[in-house]
Amino acid sequence: MSNSVHQSTPSPNRKGKQKRIDLIEPQNESSPKRQRVLSSATRIFILADKLTTEEHDALRSLVVDLGGMNANMTFANVILTSMRAPRRIERYLNADVINRHVPVLHTSWLHDSARERLLLAYEPYKIMGGASPELEKQREELGLDVVGSSEHEQTEEKKAIPPPSPPHSDSQTLQEETNDDDSQTEDEDDATFQRALTPFQSTQQEDCEGDPDWKNVDYACMRPSPLKSKQNQALVDELEVLRLQRILAGKQEMNATAYGRAISAIKAYPHSLQPNPSNAKNLKGVGPKIAKLIVQYYEEGRIAEVDAIRKDSAFQTMSRFMQLYGVGPKRAREYYSGGARSMDDVIKMGGSLGVHLHIDECLRILPDLQRTIPRLEVEEISKTIFDELNIIAPGSTYVICGGYRRGKPESNDVDIVISLPRPLQRGEEPDRGIWNVKEQIAVMDKLLKTLKRKAFITHVVNVSTPASVYEMTYSRLELAEVVVMPSRSETIPVPRYRRVDIILGPWETHGAAVLGWTGSRQFERDIRLLAKHKGFTFHSTGLVHQGERAPLSTPQEEDIFEILGLEYMPPRLRNCDA
DNA sequence: AAAAAG
DNA sequence: TTTTTGGG
DNA sequence: ATAAAC
């Protein structure tokens, strides 16, 4: 499938690329191990004023180290200075430079780029020149978890989400390191400069886009990932096609994993990769092959292999089969190679898939299930379920997790994590014993029975109950996968079948359940990986220290972050998938 | 396919 | 060069 | 024992 693609047009632009590589290559024979951060087309002039000779020389050699060129003012396309006041700087520039709007950046840009091994965007460091930055004034309201409790409207979940936090004290320190120490004469210009350093601070949610906060780390759970990449979302969508294809093709699952990691790295990167696509390879998770694809995308506007995959009918057909509950990549391949080309063919070939959801029924409600669910409806469905539960098990609380909690405007399903009977507030001693397993199973049983009788639940796709002694003793979590049909209301003018997951667990591990059911997929993978490296195993039923059997007490998400030494990541910044 | 571990 | 890549 | 789902 793939080899038809890349080398089909080897001739013309291949030469062009070879040429570019030559251009990039020259100039540093001295230490071949050096990574190129600047393009050789970056011609930098450093204003001498206010710098000591040593500092000036150090900067010039840093430019060379990073693969750039020092130039005189006339030929420079970037000017660096340690001054902060535009009016003062102007005195040192010739008219030509000002007319050409050559960007004048603070020297910390070079230091930061060196530190990140990546050419950073000019914008946050720009003092003057360049195209005028158009600051969008869209403000995103900070979403709180929708939680419920029979006893108080306010539970610890609400308090747990901090107000829009003032961006990163951490990064401020970082900036101060690179900024020079001597004081300013012009205060008002200093203020301008500070604003320039954190350009998105006032326009975007919290600190996710202010690049001083961005770190090139290898765990997705450590870096803020917004719903959509501001600058590279189209690229992300292209790479996602490759990821899916690698899964569908089979035998390339790890390949797909690599694409997933690359995608999450790009999602977290707060600048456009367009100006310097080849630098993408400096992102952790992006290696030489994916870097090449990124270059191709930004140079030619498309990735050839992705175009081919999108057109491929086998890919399209198998993707469609995978929408059926119970059909993953393997069965999709089986159906396809068995000759199936339509959903009807699949039905004819038959076989029951999920235990309780038969394939023709699955197909019947599929048109509904393909529709996304608006946030208001997610809330209403959750409340319906919780109201019922509250009669059966008073004192419970619930949190709506999944994509909803990550701030998605539309969800594919509803994930409700319910804690019995009530999670501890911070500092509060446990005043009730844990619910025993039988009781918990009984609660789920009653809940499902009632909601079925009321014809709210139309299908019970699957119910998993803690079966083994191990599970019953240490990590009890019940999962009911159901389909509901809500009744018509103001928020639900046209009722449709909706997939709902109901998760039921004890309060001691409520935090783990919430963290584990909030996602995104890549976020979960990396938090598990991090936990493993730190000597724990984490999953939605609890955080367990290696060698132990019982999970640690983690009534709140924050408990897990804290134990793992991980900075708390608000749900809305956990969108590490495409 | 990428990065860590050996 | 080999191993790991999320866990139940 | 394996695939799929979460």
Side-chain angles (χ1 to χ4, degrees), chain A residues 2 216-221 239 242-243 245-247 249-265 280-294 305 321-335 351-357 359 362 401-403 412-417 461-468 470-472 474-482 499-503 505 509 512-513 515-533 536-544 546 551 576-577:
Chain A
S2 52
N216 199 10
V217 290
D218 36 328
Y219 297 98
C221 53
L239 295 177
L242 292 170
R243 193 184 73 84
Q245 191 274 339
R246 299 300 191 266
I247 291 172
K251 304 250 178 195
Q252 301 181 55
E253 293 80 5
M254 289 314 154
N255 212 308
T257 303
Y259 277 102
R261 304 196 82 86
I263 285 168
S264 75
K281 66 177 176 301
N282 294 318
L283 293 171
K284 298 238 178 166
V286 178
K289 294 198 180 182
I290 295 180
K292 260 187 200 167
L293 296 176
I294 295 172
E305 189 183 353
F321 293 170
M322 275 221 296
Q323 296 189 101
L324 265 11
Y325 189 96
V327 178
K330 175 129 183 168
R331 282 173 185 159
R333 278 196 298 277
E334 282 168 7
Y335 283 125
S352 60
L353 302 171
V355 189
H356 299 114
L357 194 56
I359 191 163
C362 185
C401 296
N412 298 311
D413 66 355
V414 183
D415 302 301
I416 313 167
V417 174
V461 180
N462 204 0
V463 184
S464 80
T465 273
S468 67
Y470 173 84
E471 282 175 306
M472 296 202 7
Y474 294 109
S475 48
R476 325 186 308 273
L477 205 63
E478 293 200 66
L479 164 60
E481 301 163 52
V482 302
R499 273 281 290 109
V500 178
D501 295 318
I502 306 169
I503 299 96
T509 54
L515 179 53
W517 279 88
T518 298
S520 65
R521 178 185 46 75
Q522 194 60 47
F523 185 91
E524 299 295 329
R525 288 180 143 192
D526 279 2
I527 206 166
R528 281 160 162 80
L529 190 59
L530 176 71
K532 186 180 191 168
H533 291 336
F536 298 87
T537 61
F538 170 73
H539 43 96
S540 57
T541 60
L543 180 66
V544 185
Q546 262 331 240
C576 310
D577 292 13

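Here is the naming used below: chain letters follow the sequence lines, and residue numbers restart at 1 for every chain. Side chains are part of it too, since the values below use all heavy atoms of this structure and drop only hydrogens, waters and symmetry mates. Because the structure is predicted, anything quoted here is derived from the model rather than measured.
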Intermediate values then yes/no, side-chain contact (heavy atoms from CB on, under 4.5 Å), A:L515 and A:L543: CA-CA 11 Å; A:L515 179 53; A:L543 180 66; over 6 Å; no
Between CG on residue A:D526 and CZ on residue A:R528, distance to nearest 0.5 Å: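 Output value for this atom pair is 11.0 Å.
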Reported CD1-to-CG distance for the pair A:I294 and A:L283, which is rounded to 0.5 angstrom: 7.0 Å
For A:L479, the option from A:D501, A:N462, A:D415 that meets side-chain contact (heavy atoms from CB on, under 4.5 Å): A:D501
If we take the [atom1] atom in both [N] and [M], what is their distance in whole Å?
{"N": "C:dT4", "M": "D:dC6", "atom1": "P", "value": "29 Å"}
{"N": "B:dA4", "M": "C:dG8", "atom1": "C1'", "value": "25 Å"}
{"N": "C:dG6", "M": "B:dA2", "atom1": "P", "value": "16 Å"}
{"N": "C:dT5", "M": "B:dG6", "atom1": "P", "value": "12 Å"}

Intermediate values then yes/no, side-chain contact (heavy atoms from CB on, under 4.5 Å), A:R333 and A:F321: CA-CA 9 Å; A:R333 278 196 298 277; A:F321 293 170; over 6 Å; no
Side chain to side chain donor-acceptor pair (under 3.5 Å) involving A:E253 - partner list, sequence neighbours excluded: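 Side chain to side chain donor-acceptor pair (under 3.5 Å) check on A:E253 returns nothing, list empty.
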Contacts of A:S540 that satisfy side chain to side chain donor-acceptor pair (under 3.5 Å) - sequence neighbours left out: none
Audit row: A:H533, A:L530, side-chain contact (heavy atoms from CB on, under 4.5 Å) steps and yes/no: CA-CA 5 Å; A:H533 291 336; A:L530 176 71; 5.5 Å; no
Between [atom2] of [N] and [atom1] of [X], the distance in whole Å:
{"X": "A:L293", "N": "B:dA1", "atom1": "CG", "atom2": "P", "result": "8 Å"}
{"X": "A:L239", "N": "B:dA1", "atom1": "CG", "atom2": "P", "result": "12 Å"}
{"X": "A:E524", "N": "C:dG7", "atom1": "CD", "atom2": "P", "result": "12 Å"}
{"X": "A:L543", "N": "C:dG7", "atom1": "CG", "atom2": "C1'", "result": "13 Å"}
{"X": "A:L515", "N": "C:dG7", "atom1": "CG", "atom2": "P", "result": "14 Å"}
{"X": "A:I290", "N": "B:dA3", "atom1": "CD1", "atom2": "P", "result": "8 Å"}
{"X": "A:K289", "N": "B:dA2", "atom1": "NZ", "atom2": "P", "result": "7 Å"}
{"X": "A:K292", "N": "B:dA1", "atom1": "NZ", "atom2": "P", "result": "11 Å"}

Sequence-distant partners of A:R243, side chain to side chain contact (heavy atoms under 4.5 Å, CB included), two or more places apart: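 For A:R243 the side chain to side chain contact (heavy atoms under 4.5 Å, CB included) partners, ignoring immediate neighbours, are A:E240, A:I247, A:A256, A:Y259, A:I263, A:R521.
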Donor-acceptor under 3.5 Å (A:R499 side chain, A:V414 main chain):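 No; zero donor-acceptor contacts below 3.5 Å.
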Protein-nucleotides 3-5 of chain C N/O pairs closer than 3.5 Å?
from  : atom 1 : to     : atom 2 : distance (Å)
C:dT5 : OP1    : A:K532 : NZ     : 2.4

Secondary-structure stems, DNA chain C, at least 3 Watson-Crick or G-U base pairs under 3.5 Å: B:1-5 with C:1-5
Note, A:Q546 side chain near A:T537 side chain (heavy atom, < 4.5 Å): yes
Pairing of A:R261 and A:D218 as salt bridge, 4.0 angstrom limit: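 Here A:R261 does not pair with A:D218 in a salt bridge, since their nearest N and O are not under 4.0 Å apart.
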Sequence-aligned protein contact record of nucleotides 1-6 of chain D, with B where the base is within under 4.0 Å of a protein heavy atom and S where only the sugar-phosphate is: --SSSS
Sugar-phosphate only, base, or nothing, as touched by A:D218 at under 4.0 Å among non-hydrogen atoms: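 A:D218: backbone/sugar contact only, no base atoms under 4.0 Å.
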